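Predicted model only: the values in this text are computed from it and were never measured. Basis for what follows: all heavy atoms, side chains included, without hydrogens, waters or symmetry-related copies.
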Amino acid sequence: LMWDSKKQVKKQATKSLKKLCSAIDNKDVEPFVPKLISAIANPEEVEECVHELAATTFVQTVTASALSITVPVLDRGFRERKVATKRKCAVITENMSKLVENPADVAPFMPVLEPHLARAKEEIADPECRTRCAAAHKELCNISNRAEKATLESAGLDAIKADVKAIVA
């Protein structure tokens, strides 16, 4: 809605997004929230925003709230023509992925990021960029594998609980 043709809708969408971003508890991402919001509203600012994010050292656990504001900008960055921007997006993705504790936080963003990285690691001519994209893709796949394993373990635990209840009853 930040691109809506009606000015009042754009204004309210931006206001709402700013309010929603106040829930982000990641100290690494917080300083970039205004720039991220601006880059979402103004695609010509994506490259600069990605450049600044790539220069950041992420140290705090990454949750869905932090990803919800960074992934739209990364998505646009991966769509840029410049290989350097794609490489920086891959670096950001890899660095943030390493700090994810709960795989469920990444699940909604996998359909956005994974295809970009899968394609980039195969198609980009620059070998250094391909390497960075492959590393970021591997990190995302590791998170996905952790999520599947947790689901399987949870399903196994539920089955054991059901068996115990059946025996006790």
Side-chain angles (χ1 to χ4, degrees), residues 1-121 124 129 132-133 135-144 146-148 150-151:
L1 294 176
M2 291 177 70
W3 287 14
D4 198 273
S5 58
K6 295 181 183 177
K7 253 186 178 175
Q8 62 203 49
V9 173
K10 281 181 171 181
K11 186 176 178 180
Q12 187 58 46
T14 303
K15 184 179 176 182
S16 298
L17 183 58
K18 286 178 182 177
K19 198 159 212 130
L20 288 168
C21 286
S22 66
I24 295 174
D25 58 354
N26 186 301
K27 300 294 183 205
D28 301 327
V29 174
E30 271 181 14
F32 294 100
V33 168
K35 289 178 184 179
L36 289 162
I37 291 171
S38 183
I40 290 170
N42 307 299
E44 65 275 3
E45 296 177 16
V46 168
E47 189 177 332
E48 177 65 26
C49 186
V50 166
H51 177 72
E52 290 183 28
L53 268 176
T56 301
T57 302
F58 293 99
V59 294
Q60 192 172 6
T61 300
V62 174
T63 60
S65 64
L67 292 170
S68 67
I69 191 69
T70 55
V71 169
V73 174
L74 292 174
D75 181 34
R76 286 213 185 127
F78 278 119
R79 294 173 194 268
E80 291 282 321
R81 290 190 182 273
K82 291 185 178 179
V83 172
T85 303
K86 292 179 183 185
R87 183 181 60 75
K88 289 174 185 173
C89 287
V91 169
I92 295 164
T93 303
E94 180 184 8
N95 291 343
M96 291 183 87
S97 295
K98 289 177 181 177
L99 297 170
V100 171
E101 286 184 5
N102 183 358
D105 287 341
V106 177
F109 307 104
M110 286 294 285
V112 176
L113 294 174
E114 194 276 334
H116 287 304
L117 291 166
R119 189 171 54 252
K121 74 178 189 165
I124 292 180
C129 183
R132 297 306 294 205
C133 289
H137 188 259
K138 182 179 176 184
E139 284 297 326
L140 281 181
C141 289
N142 287 343
I143 292 170
S144 182
R146 282 192 344 223
E148 288 174 19
T151 301

So how far is it from Cys49 SG to Ile40 CD1, rounded to the nearest 0.5 Å? 8.5 Å
Test side-chain contact (heavy atoms from CB on, under 4.5 Å) applied to Leu36 and Leu53, step by step: CA-CA 9 Å; Leu36 289 162; Leu53 268 176; 3.7 Å; yes
Considering non-hydrogen atoms only, spot the tightest contact between Pro111 and Pro108 and give its length. CD-O, 3.6 Å
Partner set under side chain to side chain contact (heavy atoms under 4.5 Å, CB included) for Ser97, not counting sequence neighbours: Thr93, Glu139, Leu140, Ile143
Partner set under ring-ring contact (aromatic ring centres under 6.0 Å, His included) for Phe58, not counting sequence neighbours: none
Checking salt bridge (Lys or Arg N to Asp or Glu O under 4.0 Å) between Glu47 and each of Lys82, Arg76, Lys86, which is the one that passes? Lys82
Least distance between heavy atoms, Ala136 atom then Ala90 atom: CB-O, 3.4 Å
Using 0.5 Å steps for rounding, measure from the CZ atom of Phe32 to the CD1 atom of Ile37. 14.0 Å
What is the minimum heavy-atom distance between Ala41 and Met2, and which atoms define it? CB-CE, 3.5 Å
Any ring pair (Phe, Tyr, Trp, His ring centres under 6.0 Å) pairs touching residues 77-102, not counting sequence neighbours? Phe78-His116
Between SG of Cys133 and CZ of Arg87, what distance do you get to the nearest 0.5 Å? 9.5 Å
Heavy-atom pair with the smallest gap, counting every atom of Met110 and Ser144: CE-CB, 3.9 Å
Which residues pass the side chain to side chain contact (heavy atoms under 4.5 Å, CB included) test with Ala135, sequence neighbours left out? Glu94
Polar side-chain atom of Ser38 near backbone of Pro34 as donor-acceptor pair, under 3.5 Å: no
Begin with the C-alpha distance, continue with both residues' side-chain angles, and end with the deciding distance and a verdict on side-chain contact (heavy atoms from CB on, under 4.5 Å) for Gln12 and Lys15. CA-CA 5 Å; Gln12 187 58 46; Lys15 184 179 176 182; 4.1 Å; yes
If a pair satisfies side chain to side chain donor-acceptor pair (under 3.5 Å) and one of its residues is in residues 22-36, list it, with sequence neighbours excluded. Lys35-Glu52
Taking salt bridge (Lys or Arg N to Asp or Glu O under 4.0 Å) as the definition, give me every residue that meets it alongside Lys138, ordered by chain and number, with sequence neighbours left out. none
For Gln60, enumerate each residue passing the side chain to side chain donor-acceptor pair (under 3.5 Å) test, keeping only those at least two apart in sequence or located in another chain. none
For the student: nearest non-hydrogen atoms of Val33 and Cys21, plus distance: CG1-CB, 3.5 Å
Counting only pairs under 3.5 Å, give me each side-chain donor-acceptor contact of residues 63-74, with atom names and distances, residues two or more places apart or in other chains.
| from | atom 1 | to | atom 2 | distance (Å) |
| --- | --- | --- | --- | --- |
| Thr63 | OG1 | Ser65 | OG | 3.1 |
| Ser68 | OG | Ser65 | O | 2.7 |
| Thr70 | OG1 | Ala66 | O | 3.0 |
| Thr70 | OG1 | Leu67 | O | 3.4 |

Just checking Leu20: does its CG atom have more than 12 heavy atoms from other residues, nucleotides or ligands closer to it than 6.0 angstrom? yes
Residues passing the side chain to side chain donor-acceptor pair (under 3.5 Å) test with Glu44, sequence neighbours excluded, are none
Sequence-distant partners of Thr56, side chain to side chain donor-acceptor pair (under 3.5 Å), two or more places apart: none
Can you list everything that forms a salt bridge (Lys or Arg N to Asp or Glu O under 4.0 Å) with Asp75? Sequence neighbours excluded, please. Arg79
Close side-chain approach of Met96 to Val29, heavy-atom, < 4.5 Å: yes
Sequence neighbours left out, what passes side chain to side chain donor-acceptor pair (under 3.5 Å) with Lys88? Give chain and number order. His51
